[in-house]
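First the proteins, then the strands, lettered A, B, ... as listed; each starts at 1. When reading the values below, keep in mind they use all heavy atoms of this one structure, side chains included, and skip hydrogens, waters and symmetry mates.
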2 protein chains.
Amino acid sequence: MLVPAMFQNLIGYHLRVAQEMSFQAFARAAGKADLKPGWYSLLTVLADRESMTPSELSRICGRDRSTLTSSLKALSHRGLIERRANPDDQRSYSVRLTENGRKMQERLHAIAVVYDRHLDEIAGKDKAVLIAVLGRIAATFGTPQHLEDAVSPLRDLPQ
Amino acid sequence: MLVPAMFQNLIGYHLRVAQEMSFQAFARAAGKADLKPGWYSLLTVLADRESMTPSELSRICGRDRSTLTSSLKALSHRGLIERRANPDDQRSYSVRLTENGRKMQERLHAIAVVYDRHLDEIAGKDKAVLIAVLGRIAATFGTPQHLEDAVSPLRDLPQ
DNA sequence: GCAATATAGTTTGATGTCAAATTTATATTC
DNA sequence: GAATATAAATTTGACATCAAACTATATTGC
């Protein structure tokens, strides 16, 4: 694989390439199963909660609220989520997974796990070091609010 | 930083978060200097070459050729690159940096290098291992043999 | 109690991306 | 040498995304 000489020593370059390549592999696999990779984070966050409002989901997934409008419409139209009016606030509504939505989340997660096994094999004995360094990078460059928030709902998941 | 339990053993998760954090830091810094991070990869690749065609640039930067059309128009309009007709092939033309383009590339590169120094410090003695593993990931997922799809564009810098 | 302000969600507009179709030019084949 | 195929760049269409404007409802402050 050809790497421009001037990038050879830049960690940021390798980080970006590796991330994009592995994500694209996941996206292609999901696409073949007619699954949108963009759904993965939404469904996975929802899978751990009774229900959430679009705004909460937006903060946790790190995407603008306006972006979720069409995603939620698509997910709802496909019967993967359902909306429920909030009796206390007529502006708002809550979203929760349907049974099909849960199955879809599991399918996507299964695909993600398969790709992560590839990553495990590639990393080999360096896996612990890799995860440690990546963790330090994430911590150093600051944790955006959306990821900070994302932690709380998922923190206590059964292993 | 807290990591959701269901993700804490997934390399892909740490890879994505680390990449997202460091790229956003770079993008914010570039944005403050009124620079489009999307220009960085194009200008940097061009900075290393006499000239290139849009197709070569597209392959090296891993973006679809059609995507480059508007970018090159913007860069050209700003006087950062110039186009030259190819006398041997009237369909094609070459692109090269202007003096201003080189200055702009240097400004962006300086910002990128600052962030990569942070990454160096964070990686410390693990830098070589990190780059090696990231390289293997890119090579594996960017190589068609591992996936039926023959999609293996070369990715490049944060943009 | 009502006007001002804030909030939830959507709509709109701009940008960046890919894929497919198009156009024009070059190569290949018969 | 004409027909066909390939190639370079662009155009078009479909999305995803963010930010700003907008609508409808809630909350706050006076």
Practice item. Tell me which nucleotide among C/dT10, D/dA9, D/dT17 gets nearest to the side chain of A/Ser66. Key: C/dT10
Study note, to complete from the structure: Here the residues of residues 78-91 of chain A within 4.0 Å heavy-atom distance, strictly under, of DNA chain D are A/Asp89, A/Gln90, A/Arg91
Check your understanding: Within this structure, what is the CD-to-P distance between A/Glu20 and C/dG16, rounded to whole angstrom?
Key ->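 Distance check: A/Glu20 CD to C/dG16 P gives 16 Å.
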Check your understanding: Heavy atoms under 4.0 Å, any strand shown: does A/Ser55 hit a base, just sugar-phosphate, or nothing?
Key ->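 Contact class for A/Ser55: sugar-phosphate only.
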Check your understanding: Between C/dC18 atom P and A/Lys36 atom NZ, what is the distance in whole Å?
Key -> 16 Å
Review point. Do the rings of A/Tyr115 and A/Phe26 sit parallel, tilted or perpendicular, given the 30° and 60° boundaries?
Key: perpendicular
Check your understanding: OP1 or OP2 of D/dT10 sitting under 4.0 Å from any side-chain N/O of B/Tyr93?
Key ->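 Checking B/Tyr93 against D/dT10: at least one side-chain N or O falls below 4.0 Å of OP1 or OP2.
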Check your understanding: Expressed in angstrom and rounded to an integer, what is the separation of A/Glu56 atom CD from C/dA8 atom P?
Key ->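 So the CD-P distance, A/Glu56 to C/dA8, works out to 9 Å.
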Exercise for review: Considering only NZ, NE, NH1 and NH2 on the basic side and carboxylate oxygens on the acidic side, decide whether A/Glu20 and A/Arg16 come within less than 4.0 Å.
Suggested key: yes
Review point. Under the 3.5 Å rule, do the base of D/dA16 and the side chain of A/Ser71 count as making a donor-acceptor pair?
Key: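 Answer no: no donor N or O sits under 3.5 Å from an acceptor.
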Check your understanding: Where is the tightest heavy-atom contact between A/Tyr40 and A/Gln105, given as atom of each residue plus distance?
Key ->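 Closest pair (atom of A/Tyr40, atom of A/Gln105, distance): CE1-NE2, 4.2 Å.
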Check your understanding: Between atom CZ in B/Arg65 and atom P in D/dA7, what is the gap in whole Å?
Key ->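 It is 10 Å, rounded to the nearest whole Å.
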**Study point:** Minimum heavy-atom distance A/Ser92-A/Thr53, with the two atoms named
**Key:** OG-CG2, 3.8 Å
Check your understanding: What is the nucleic acid contact for B/Ser70, judged by heavy atoms within less than 4.0 Å: base, sugar-phosphate only, or nothing?
Key -> nothing
Exercise for review: Measure from CG on A/Asp64 to P on C/dA14 and round the result to the nearest Å.
Suggested key: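 From A/Asp64 CG to C/dA14 P: 17 Å.
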Revision key, fill the gap. Here the distance between atom C1' of D/dA8 and atom CE of B/Met52, to the nearest Å, is 14 Å
Review point. Looking only at atom types and distance, does a side-chain atom of B/Ser58 sit under 3.5 Å from a main-chain N or O of B/Arg63, one as donor and one as acceptor?
Key: yes
**Study point:** Distance, rounded to the nearest Å, where A/Phe23 contributes CZ and C/dC18 contributes C1'
**Key:**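 From A/Phe23 CZ to C/dC18 C1': 14 Å.
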Check your understanding: Rounded to the Å, how far apart are A/Lys73 NZ and C/dT10 C1'?
Key -> 8 Å
Check your understanding: Of all the choices, D/dA16, D/dA9, D/dC18, which nucleotide is nearest to the side chain of B/Thr53 once you look at every atom?
Key -> D/dA9
**Study point:** Presence of salt bridge, A/Asp34 and A/Arg78, under 4.0 angstrom
**Key:**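 So A/Arg78 does not pair with A/Asp34 through a salt bridge.
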Point to revise | Any A/Arg63 side-chain N or O less than 4.0 Å from OP1/OP2 of D/dT17 | key: yes
Review point. OP1, OP2 of C/dA8 versus side-chain N and O of A/Ser92: anything below 4.0 Å?
Key: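 No, A/Ser92 has no side-chain N/O under 4.0 Å of OP1/OP2 on C/dA8.
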Practice item. Kindly point out which of D/dC18, D/dA8, C/dC18 is positioned nearest to the side chain of B/Thr67? Key: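 The nucleotide sitting nearest to the side chain is C/dC18.
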Check your understanding: So does A/Arg59 pair up with A/Asp64, basic N to acidic O under 4.0 Å?
Key ->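 Salt bridge between A/Arg59 and A/Asp64, a charged N being under 4.0 Å from a carboxylate O: no.
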